[in-house]
Amino acid sequence: MKEIISIIPARGGSKGIPKKNIINFLGKPLIYWTIKSSLECKFINRTIVSSDNDEIIKISKKCGAEVIFKRPKKLSLDNSKSLDAIKHCVEFLKKKEKYSPYAVVTLQPTSPFRN
């Protein structure tokens, strides 16, 4: 079976909108809607959140996502790229779990409206 995972990059240090990934949106934290979409997708086998923020991590776990590490600070800076956080997650899975997915889907928590 070809495993497909989603990785949701959600760093805590937004300057534009502080705590944007967990602000209340329609009665739930913003990240909830992205986690929910991923968990409900019949093609996605694992939903993983990559974050450096304890509050985001706690909320993500409560919403049903896996949080398998706390993202390193060097990958959570203003100039950090989501791609580097995605690569870190895939490399972590390969090294720590000997797990390599067939495909990776990146879902941004700031885009809650999706099918």
Flag, side chain of S76 to backbone of P72, donor-acceptor distance under 3.5 Å:
yes

N/O donor-acceptor pair under 3.5 Å between R46 side chain and I5 backbone:
no

Side chain to side chain contact (heavy atoms under 4.5 Å, CB included) assessment of D54 paired with K70:
CA-CA 8 Å; D54 291 333; K70 187 171 182 178; 2.9 Å; yes

Taking F25's backbone N and O only, do any of them form a donor-acceptor pair with W33's side chain (distance below 3.5 Å, no angle check)?
yes

Determine all donor-acceptor pairs shorter than 3.5 Å in which one atom belongs to a side chain in residues 84-94; sequence neighbours excluded.
none

Residues forming a side chain to side chain donor-acceptor pair (under 3.5 Å) with E3, sequence neighbours excluded:
Y99

I'd like to know if L75 and V49 are part of one continuous hydrophobic network [Ile/Leu/Val/Met/Phe/Trp/Tyr, side-chain heavy atoms within less than 4.5 Å].
no

Whether the S51 and R71 side chains hold a donor-acceptor pair (N or O, under 3.5 Å, no angle test) is what I'd like checked.
no

N21 side chain vs R11 backbone, donor-acceptor pair below 3.5 Å:
yes

Set of residues satisfying side-chain contact (heavy atoms from CB on, under 4.5 Å) with respect to K19, sequence neighbours excluded
I22, E55

Is I68 linked to I56 within one hydrophobic cluster, defined over Ile, Leu, Val, Met, Phe, Trp and Tyr using a side-chain heavy-atom separation of less than 4.5 Å?
no

Could you grab the distance from atom CD1 of I31 to atom CG of L107, nearest 0.5 Å is fine?
10.0 Å

In one Ile/Leu/Val/Met/Phe/Trp/Tyr side-chain cluster, 4.5 Å: I23, F113
yes

Between K74 and D52, is there a side-chain N and carboxylate O pair less than 4.0 Å apart?
no

Taking atom CD1 as the centre, does I17 end up with more than 12 heavy-atom neighbours from other residues, nucleotides or ligands that are less than 6.0 angstrom away?
no

Kindly compute the distance separating OG (S60) from CD1 (I8), expressed to the nearest 0.5 Å.
7.0 Å

